[in-house]
Each structure stands twice: as C-alpha cells, then as structure tokens.
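Just below is one structure, and these are the notes that go with it.
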Amino acid sequence: MLAKFIQKLRKKHNLTQEYLASALGISRPTYMQIERGERELTITEAEKLASIFGIPFEDFRRAKDSSITVEIKKEKLKPKSEKQEIRISVPQKNLEKFKEVLLYVLSKVGGKPNVGEAVLYKLLYFIDFDFYEKFEEQFIGATYIKNHYGPTPVEFKIVIDDMIKNGEVVKVEGKYFNYLQRKYLALRRPNLDILSGREIEHIDDVLARLSDKNAKEMEIYSHEDIPWKTAEDGKPLSYESVFYRNEPYSVRNYEDEL
DNA sequence: TTCAAAGGTCTTGCTACTAG
DNA sequence: CTAGTAGCAAGACCTTTGAA
C-alpha cells in the first residue's frame, strides 16, 4: 500500500520523518499519519515526494491503485486569509549544517570579487548534488528550485537572514563590472566540528573546480547539468537524477566500483 | 552506560459544518 | 446567529534506537 511504499522510499534515501514533513510543509505527527495510512496525500504533496525521491509521479498513482480504490485526497481550499504564503521550514540539524557550510565557503572564497549571491547559490548546488552523487547521502540536503538563472536553494533566505540577525555574516551590495552584486562576508569562523573531514574535503574540491567562474559562466555551466535539464521551471531539482549525469559533470568513477 | 536524535502517541485547539 | 460537534493538524510528551 502507499503508506508502506513511502516509508520504504524514505528509508532507502536515509531521510527522517522530520525532514520530509518540513519539505511538505506539515508537522511530523501529520506526516506520520501518512506513513501509517491514516491520512491521504494531497496532489501537491505527492508531487513533492515524487520529486524528492526522484521518481515519476505516476509511480505514486500505481502504488496507490495496487491497494484498493481510494481517491487521492482533493486539495483543500486554503482558508481565505494570510496562511496562503509558502512556508519554508528548515530542520534544526540541517540549518546548523547549512550555516557552517556557508561560513566555510564564505571564509574561503567569499572575498573573491566574482563570488556574489548568484555564484554562491550555484556553489551550494554543486556541493550538495556532487556529494549526493559521490556518497549517495544528503549533505546539506537543501531544496534547489529551477529558476531562470540557475538552481536556487529555497532555504537560503531564511538561513542568511537568521545569520545576519545573529551577526554571523554581513550583506554587502556593490557593483561587479556593470552588474549589481550582493555579497556576503563571514564575521566568524566556521565551526568545523559540525563537518566531517570527508565533507570538508568535498567542499574544497568543488571550490577548487568552480569558485573562479563568474555568475554568467556558472549559469551556463549549471544549465547543462542533468538535474537542471530534467527539472521543470519553478520545481525542485531531483537529487536522484545525478546518477544520470555524464561528462564533465559526473564526479564519480563508476567503473572503479562493482 | 549515557545522551541525542528519531519515532510513536496523546491531548489540545482550531475550523467547518449542522441543527435549533 | 449561536451552540454543539466532528475531523484534522500540531504541540507536548514519552519510548526506542544507535553512536560514542
């Protein structure tokens, strides 16, 4: 049945209930009801899960139909007032990691003239997706949306605002050639205890490869990557699709394994 | 063995609906 | 229009698990 199917996928991807609940914008107990078959999925929830798991939405329908005949719950009409705006919640643990990665990246390359917000987004994207390809594990595990200029981490705004408030980074607006550029500078050292040696090495590797590209070059570069190409506009990029990457994007040597 | 994180359950409060 | 109620979601709390 669908509930078990979702649970299996979650475990296969090493994700927590907390993480998926926040990705769906619901509380953990509510998410639990889904895994226990006590609550139906809304269409948009099913779509989100499908994209997180990197499987076609159709597979959910099939898993569902193989049980009995119950309709996927109709999307409830939102209560008229405020509540409308999209809520993005970040699990505490990932937030810590996001912060430290950000500080680490900023402390290493934040001072480079080419590294503004746009380049930062893409560096984070490659850090996350390359890590997933190499180790089949989530690193920061941020959600990257397909935007006109490239992959955009949806959690970025929340995290950076929080950090500015706490005096951990400062925002600087300036010009880079003729473009308005938004830069961030780290005000404290990253806490390296949060990151493993393997993770730091991985970030260093990505930075060495990509941190000298400017926003335009990064944009062009990221637009040829498979996860980008296979995503729909405005929708999250699928982590699973990294396994369909080809040269020069692939960061894993598949022949060595087996 | 201890502690933090994840999983599981109970209770509370809100909203929408209905009968008077 | 109001009081009663059913259903749902979230917070609070408890238990289990696993890493150090």
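Residue numbers begin at 1 in each chain, while the letters A, B, ... track the order of the sequences.
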Should side-chain heavy atoms under 4.5 Å link Ile, Leu, Val, Met, Phe, Trp and Tyr, which residues sit in the same cluster as A/L185? A/V170, A/V172, A/L187
Determine whether the aromatic ring centres of residues A/Y144 and A/F129 are separated by less than 6.0 angstrom. yes
Would you please name every residue forming a side chain to side chain donor-acceptor pair (under 3.5 Å) with A/E217, sequence neighbours left out? none
Could you write out each protein N or O paired with an N or O of nucleotides 9-13 of chain B at a distance under 3.5 Å?
| from | atom 1 | to | atom 2 | distance (Å) |
| --- | --- | --- | --- | --- |
| B/dT9 | OP2 | A/R36 | NH1 | 2.4 |
| B/dT9 | OP2 | A/R36 | NH2 | 3.3 |

Are A/F139 and A/Y132 close enough that their ring centers fall under 6.0 Å? no
A/F126-A/Y221 aromatic ring centre distance below 6.0 Å: yes
Where do N or O atoms of nucleotides 16-20 of chain C meet protein N or O atoms at under 3.5 Å, pair by pair?
none

Please identify each residue that fulfils side-chain contact (heavy atoms from CB on, under 4.5 Å) with A/N191, with sequence neighbours left out. A/E100, A/R188, A/D193, A/I194
Sequence neighbours excluded - salt bridge (Lys or Arg N to Asp or Glu O under 4.0 Å) pairs with any residue from residues 142-151 of chain A: none
